[in-house]
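Working notes, structure below.
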Amino acid sequence: MASADETRFANVASNIFPVSNSTTPYWRTELHEIDSIRSSEDLPSECDVLIVGAGLSGVSTAYHLLDDNPSPPSIVLLEAREVCSGATGRNGGHLMMIWSWIDEISKEFGLEAAKEVALFQRDQVYAMKAVAEKEKLDCDAILTRCFEVVLDQRHFDAASKVYQKQLEDGLDFIQDVNFVGPKHAEKLSGVKGAKGGVTTTALQLWPYKFVSGLLSRLLERSPSLNVQTHTPVTSIIASNDGTSIVHTPRGTIRAQKIVFATNGYTTGIVPEFEKKIVPIKISCSHISAPEDSPNPPPQLTHTYGLSYTPSSRDYLIPRPDGGVICGGARYTYKDDQKLWFNRWDDSTVLEATRPHFESVMQKNFRGWEKSGAAVDYLWSGIIGHTADGYPLCGKVPGKENHFILAGYNGGGMPHIFLTAKGIAKMIREDAAFEKSGIPRIFKITEERLRKDVQPRPNQ
Ligand SMILES: Cc1cc2nc3c(=O)[nH]c(=O)nc-3n(C[C@H](O)[C@H](O)[C@H](O)COP(=O)(O)OP(=O)(O)OC[C@H]3O[C@@H](n4cnc5c(N)ncnc54)[C@H](O)[C@@H]3O)c2cc1C
């Protein structure tokens with residue numbers, strides 16, 4: 001049944017809007033002073049660029065529009081809740097090459113397209129590390145290796161073949177992929193029963209602190225940026241002169257250009273995206289051992305993907321304080337579609353995942369068996385699925401002044417920062433998508449929008 005919040009905007013085309021009483025993720029336990037910022041008491045009446053959504057997509061777009069720009073546009077950033085209160089403030093804090101994608105893309109779109117995405121993901125790691133350093137963001141950014149551990153023999157055999165094929169194809173990103181065979185898999189990964197896997201360069205960070213810190217830097221130096229939290233956009237009406245009138249409960253704004261950085265919630269304000277970006281509810285946890293545990297667990301030295309079967313996977317990062325952020329556990333609720341498909345209420349948790357997270361460290365990691373590790377935060381968040389599983393980025397078809405970066409499916413972090421750079425380039429230089437640097441398969445096209453999203457219980 002829809003919650004009160006889910007029916008709040010029942011008079012608009014779709015009622016997919018962020019709810020006001022969301023669960024509290026671990027990442028939002030230390031709030032930045034700009035968390036509920038309003039740059040001015042009243043909304044500006046007009047702006048050059050209006051960005052909807054203050055997650056990683058929206059704030060990165062603002063950053064690239066303003067960075068090193070001697071004639072910055074006037075920007076209004078509208079956020080329905082608080083800064084970084086959507087998926088970015090609820091995720092696993094993990095950026096890595098999504099190795100399984102590369103083979104899929106290669107089969108469907110060819111080697112060049114696969115290479116483009118792999119290098120884009122790798123570059124993202126370094127680009128986000130660089131901006132965290134340049135802007136002195138206190139966000140626990142750590143350059144590391146992600147260990148994609150495979151626990152199923154047949155899955156491992158298939159993965160070995162993919163790796164061999166990538167070597168033969170001479171793909172240049174393969175230099176960064178380290179294949180680990182069965183001989184040393186358990187010892188190197190620390191995962192009991194590991195059949196093998198790959199390691200790739202990765203970045204882990206505190207995503208809320210990255211986004212709120214970056215936005216705070218922009219506000220310090222950019223008078224042309226106006227941020228308004230607790231200001232949901234309810235509808236957008238295109239005018240004949242090419243501008244758009246953006247409606248909110250606090251008034252309207254006329255904008256030259258709009259950027260939709262609303263990910264799983266996009267359909268709420270762009271009804272054309274119904275069934276094209278579908279909100280999906282997923283689960284994440286923070287796990288730690290008691291400080292006085294007689295058997296303190298070892299500090300993990302990698303970030304991880306744990307593939308139990310080809311269709312069941314967890315991901316986790318170690319925190320510098322010894323705790324762990326772990327997400328996944330889909331197998332525990334995937335058969336009950338109404339819990340997660342086309343769901344946008346993150347005010348409740350997916351309780352079925354709790355027992356899995358309570359025991360995931362003890363079951364899988366050497367040295368954690370008697371640690372007493374337990375879940376101390378469990379929360380939910382909303383991602384956006386697309387029909388083909390890839391993000392939708394660029395100019396909204398048929399809308400000259402509307403741009404979008406959304407629909408990252410399970411993995412936005414390895415794509416968003418540089419996609420936002422590409423969107424900003426399209427706006428700043430009136431550049432074509434093909435000059436934006438965004439991988440070709442992410443381009444939003446009418447053809448891609450013809451297909452509807454189907455439930456994918458394993459992702
Ligand atoms: C539990 C969980 C774990 C995840 N783990 C990982 C991971 O480890 N690695 C990874 O790569 N990805 C992960 N993801 C996915 C990743 O977090 C997302 O792809 C990414 O954060 C999307 O960023 P965004 O800025 O586009 O969207 P969001 O962060 O969701 O931001 C969109 C913003 O738009 C606002 N908004 C929506 N509608 C309106 C409106 N009408 N008016 C005004 N504002 C509006 C929302 O309130 C929200 O703040 C995870 C996601 C979840 C939920």
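Atoms within a ligand are numbered from 1 in the order they appear, just like the ligands themselves. Note that the structure is a prediction, hence the values are computed from the model and not measured.
- The contact set between ligand 1 and Pro414, taken as ligand atoms under 4.0 Å from a residue heavy atom, comprises 11 (O).
- Remark: Asp67 does not engage Arg217 in a salt bridge, criterion side-chain N to carboxylate O under 4.0 Å.
- Between Pro18 and ligand 1, no pair of N/O atoms sits closer than 3.5 Å.
- Of the protein's non-hydrogen atoms, the one nearest atom 49 (O) of ligand 1 is Glu79 OE1, 2.7 Å.
- Geometrically, ligand 1 and Asn91 share a nitrogen or oxygen pair separated by less than 3.5 Å.
- Atoms of ligand 1 found under 4.0 Å from any heavy atom of Gly411, numbered from 1 in the order shown, are 10 (C), 11 (O), 12 (N).
- Interface atoms of ligand 1 facing Leu56, defined by a heavy-atom separation under 4.0 Å, are 25 (O).
- With 3.5 Å as the limit, one finds a donor-acceptor pair spanning the side chains of Arg250 and Gln228.
- Nearest protein heavy-atom neighbour of atom 42 (N) of ligand 1: Val233 N, 2.9 Å.
- Close approach of ligand 1 to Val52 is summarised as follows: ligand atoms under 4.0 Å from at least one heavy atom of the residue are 40 (C), 42 (N), 43 (C), 44 (N).
- Protein heavy atom nearest atom 30 (O) of ligand 1, with residue, atom name and distance: Ala87 N, 2.9 Å.
- Between Ser57 and ligand 1, at least one pair of N/O atoms sits closer than 3.5 Å.
- Using a cut-off of 4.0 Å between Lys/Arg side-chain N and Asp/Glu carboxylate O, Lys276 and Asp452 are scored as salt-bridged.
- The nearest protein atom to atom 34 (O) of ligand 1, hydrogens excluded, is given as Gly53 CA, 3.2 Å; this is a heavy-atom distance.
- Interface of Ala261 with ligand 1, defined as ligand atoms under 4.0 Å from a residue heavy atom, comprises 32 (C), 33 (C), 34 (O).
- Residue Ile416 places no N or O, backbone or side chain, under 3.5 Å from any N or O of ligand 1.
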